[in-house]
Amino acid sequence: MSAIDYAEKIPNNVDLVGDRALQRALEHWQPQFLQWWHEMGPSDFEGAEVYLRTAISVDAQGWAHYGKVRMPDYRWGIFLADPVAERKIGFGDAMGQPAWQQVPGEYRSTLRRLIVTQGDTEPASVEQQRRLGHACPSLYDLRNLFQINVEEGRHLWAMVYLLHAYFGRDGREEAEELLARHSGDADKPRILTTFNEPISDWLSLYCFTYFTDRDGKYQLKSLAESAFDPLSRTCRFMLTEEAHHMFVGETGLSRVVKRSLEVMKETGSDDPDRIRAAGAVDLPLLQRYLNFWCSSSLDLFGSEISSNSAANFANGLKGRPDEGQYEDHVLREQTLNLVTPQGASDVPMLNALNEVMRESYLKDCEIGLKRWNRMIERAGHDLRLSLPSARFRRSIGAWAGQPVDPQGNLVQRQLYENSLASWIPSEADKAFVHSLMQKVIEPGRMAGWIAPPERGINKTACSRPSARGRKRSSSSWIRIQEIRKNGKSCAASKPTRPTTACSSASC
Ligand code: BYC
């Protein structure tokens, strides 16, 4: 195996060259990661040069470098946010004691489990999104997808660093397992359910980055409070990158709504069949996608009543997001009134922390909904998009398997079974959405089912779309040699004629 110059190849601020054992462990793991990327990363784009952001430091002013890079050559770095001098534990029974620089023996397996669960989601999402490049609505979107993919790869490196540096042989074995489980694999699936759901169209990608990456934000914020200081510092820096992933989701869905409203205006109709015939996403269809991905992501917070969450908080392993905003950091005296199918009861607050976090998450999710509903209202339509109730379609916790409608009402099981197909995307819905997914990679062009972005990447200007061609300045964001290799060019899509989007098999 050729030696790797870590100072050169892996930007880091953890003094990798100063720790030979760690260096050897990562030397052993790195080729396996690259092989995994080759097999499970974005398919068929290994030769493409992509304008990517790469983390090069933790300096708030200049932490990232932008430039063209082939994804397999991406410099997956290891960065921990700057240490807080004499940091103290900020919650739980050991509050006020010094934060831990090493893993306390009694919490070793729980911390490892938390890190492995977090780490497992990162490569899972890359696997889920593997084929989306073949159906991208524009070069701008394709580049954003790849940015997310390489950063999820970096987040995997972040968790693998912790496993290798602090958990010895067990940690190294877990790091290998992170590459052995695969999203949707019948024998070795990913740990959390949402990360086994296929993401085979871009509407799902925008929903996933809106809802599931937002769960990531909340989980990372709660781990950033951890008494285990290296975990805290790692998660603090990961949050910097996470913001862009949610941006892709929020703006992606905004652009879908905007385009739908344009087509509603052009056709003078809100009839879903007419909107679909004109090549756009009808809003009831979008609502069903929101129902699916929001409900799936709500499961990621765990059970409403959880002894794990109580122990994790009391022991200082996992706090609440932005723990500093609360007054009581011990929570031994508080209760929360929780409604389960068995009725309402007061539950010790420590056991209800998953629910507390889920509620804050839902409030955060509402922000985009409000924005989209304002757009719909301004366009003069009565329909409003909404989030499903936190009880709807749950697989984890007190409401798991309960026949609940999207408004949160318990209904007859038969009614539930019959109605579910109209609450989440049906097979016909998915087939229609897939039919829209024609790859558009001509510089300056955009698929007909989505509006162009307001601005380009890294604050570049994005010229407004022309009536004829939706021109944008995206030509420099990605250079895909493979797609030109047989000399065919792509037909451009037109605003209301999605079927004229590129349909060449070579693209
Ligand atoms: N699916 O007491 P419970 C992200 C398991 S996303 C399957 O209910 P607890 C990202 C649970 O593991 C953020 N299993 O919940 C986003 C436990 O199993 P064990 C990911 C589930 O433990 C986009 C049992 O049920 N980060 O970063 O309080 C792209 C009972 O657990 C599920 C984390 O998850 C489920 N949905 O909390 C890329 C943070 N839910 O231990 C990345 C780390 C629960 O009995 N993980 N279970 O075998 C955690 O903090 C906690 O493990 C959980 C569960 C919040 C997941």
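Start at 1 and go down the list; that is how both ligands and their atoms are numbered.
- Annotation: side chain of Glu225 is not in contact with side chain of Ser222 (no heavy-atom distance under 4.5 Å).
- Put simply, the side chain of Arg154 gets close to the backbone of Gly77: a donor and an acceptor are under 3.5 Å apart.
- Proximity of Ser296 to Thr193: side-chain heavy atoms (C-beta onward) are nowhere separated by under 4.5 Å.
- Between Ile115 atom CD1 and Asp120 atom CG the span is 13.5 Å, to the nearest 0.5 Å.
- In this structure the side chain of Val356 reaches within 4.5 angstrom of the side chain of Tyr326, judged on heavy atoms.
- Distance CD/Glu359 to CD/Glu304: 10.0 Å, rounded to 0.5 Å.
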As a test of reading the model: which N/O atoms of the protein lie under 3.5 Å from N/O atoms of ligand 1, and at what distance?
from, atom 1, to, atom 2, distance (Å)
ligand 1, 1 (N), Thr193, N, 3.2
ligand 1, 1 (N), Thr193, OG1, 2.9
ligand 1, 2 (O), Ser306, OG, 2.8
ligand 1, 8 (O), Ser303, N, 2.7
ligand 1, 8 (O), Ser303, OG, 2.5
ligand 1, 22 (O), Asn308, ND2, 2.8
ligand 1, 26 (N), Gln118, OE1, 2.6
ligand 1, 27 (O), Gln118, NE2, 2.8
ligand 1, 27 (O), Thr121, OG1, 3.4
ligand 1, 28 (O), Ser306, OG, 2.8
ligand 1, 28 (O), Asn354, ND2, 2.9
ligand 1, 36 (N), Asp299, O, 3.1
ligand 1, 48 (O), Arg113, NH2, 3.2
ligand 1, 50 (O), Lys318, NZ, 2.4

